[in-house]
Amino acid sequence: MRKLIAGNWKMNGTSADLPQLTELADSHPNPAVDMVICGPATLLSRMAATGLSVGGEDCHTKVSGAYTGDISAQMIKDTGADYVITGHSERRIDHGETDALVAAKTEAGWAADLHVILCIGETEAQYRAGDTLDILRSQMDGSIPDAATAATTTVAYEPVWAIGTGLTPTPDEIADVHAALRAYLSNRFGEDGAEMRLLYGGSVKASNAAEIFALDNVDGALVGGASLKAADFSPIVTALENSL
Ligand code: 13P
């Protein structure tokens, strides 16, 4: 499985930001890793037209129907996208998404032939209480469907307290968590679990990327703020390439 560097633009980006993607594509015409930018639904078809791999940030569980304001995985695929994020903490927390809903959205993504980047992560209170691994295992139990394979699914570990805060776990903490996630995935999914990509996310930037990518069981990153500008994201892509 190739390593994966993924950006998540969240609720950012209008037409004026599209040149960032052209700049990124021009800087990495032939990346040695998979590179994707997940963006707002309003921009996806224009993002895909740049030739970059793009993804949605969320999807509905159904293909179509009376769900005002929602976007289906098929609609995301139709824009030219190849990926979708499910279970981001900003969906779990701000929109009350349960593990069961995240599992259903993940299956919807697969059904539309999208590769799913499925997010898990503990809150600061859970981290402080020493509950990180219990929380992550229970999120994986509930939100990763049994049919997950390495080809269809990537798991992103994003500690909620590290998102947009400039805080990160120590390298040892990331390595310990990723080792535990790998053990869980291998145990549950066998060979596919051993191969399934594990991303770290939360305040990844050019200055800490190389150190994080050097860790065992870190197969790339999911990057928020530092993915908005090509000048910030490009060195992170290069750091992942250099880790190979
Ligand atoms: P930041 O990189 O801005 O901390 O965001 C991480 C994230 O939530 C990516 O999905």
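Nothing here was measured: the structure is a model prediction, and the numbers come from that model. In each ligand, atom 1 is the first atom listed, and ligand 1 is the first ligand listed. Values reported hereafter were calculated over all heavy atoms of this structure, with side chains retained and with hydrogens, waters and symmetry mates removed.
Per-residue contacts place Leu222 under 4.0 angstrom from the following atoms of ligand 1 (heavy atoms of the residue considered): 9 (C), 10 (O). Atom numbering of ligand 1 starts at 1 in the shown order; those under 4.0 Å from a heavy atom of Gly202 are 4 (O), 6 (C). Within ligand 1, counting atoms from 1 as listed, the ones closer than 4.0 Å to a heavy atom of Asn8 are 9 (C), 10 (O). When each atom of ligand 1 is checked for a heavy atom of Ser203 under 4.0 Å away, the hits are 1 (P), 2 (O), 4 (O). Near Ala162, meaning under 4.0 Å from one of its heavy atoms, ligand 1 places the atoms 4 (O).
Among the atoms of Lys10, some N or O lies under 3.5 angstrom from an N or O of ligand 1. For ligand 1, the polar-atom distance check against Thr165 finds no nitrogen or oxygen pair separated by under 3.5 Å. The shortest N or O to N or O distance between Gly164 and ligand 1 is below 3.5 Å. Below 3.5 Å of separation, one finds no N or O of Ala226 facing any N or O of ligand 1.
Under the 3.5 Å distance criterion, the side-chain polar atoms of Thr79 are matched with a main-chain donor or acceptor of Ile76.
Evaluated by nearest non-hydrogen atom to atom 2 (O) of ligand 1, the leading choice among Gly166, Ser227, Gly224, Gly201 is Gly224.
Shown here for Tyr200 and Pro159, the closest heavy-atom pair between the two residues is CE1-CD, 3.6 Å.
Here the side chains of Thr123 and Gln126 are in contact, with some heavy-atom distance below 4.5 Å.
Annotation: atom 9 (C) of ligand 1 to nearest protein heavy atom, Glu158 OE2, 2.9 Å. Protein heavy atom in closest approach to atom 3 (O) of ligand 1: Gly225 N, 2.8 Å.
A side-chain donor from one of Glu122 and Tyr157 sits under 3.5 Å from a side-chain acceptor of the other.
Ionic pairing of Lys62 and Asp70 is not present here: no N-O contact between side-chain nitrogen and carboxylate oxygen is shorter than 4.0 angstrom. A salt bridge is defined here as a Lys NZ or Arg NE, NH1 or NH2 lying under 4.0 Å from an Asp or Glu carboxylate O, and Arg92 with Glu97 fails to meet this definition.
The hydrophobic clustering, which links ILVMFWY residues whose side-chain heavy atoms are closer than 4.5 Å, places Leu18 and Met11 apart.
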Derivation of the side-chain contact (heavy atoms from CB on, under 4.5 Å) call for Arg137 and Leu133: CA-CA 6 Å; Arg137 285 192 199 101; Leu133 293 182; 3.8 Å; yes

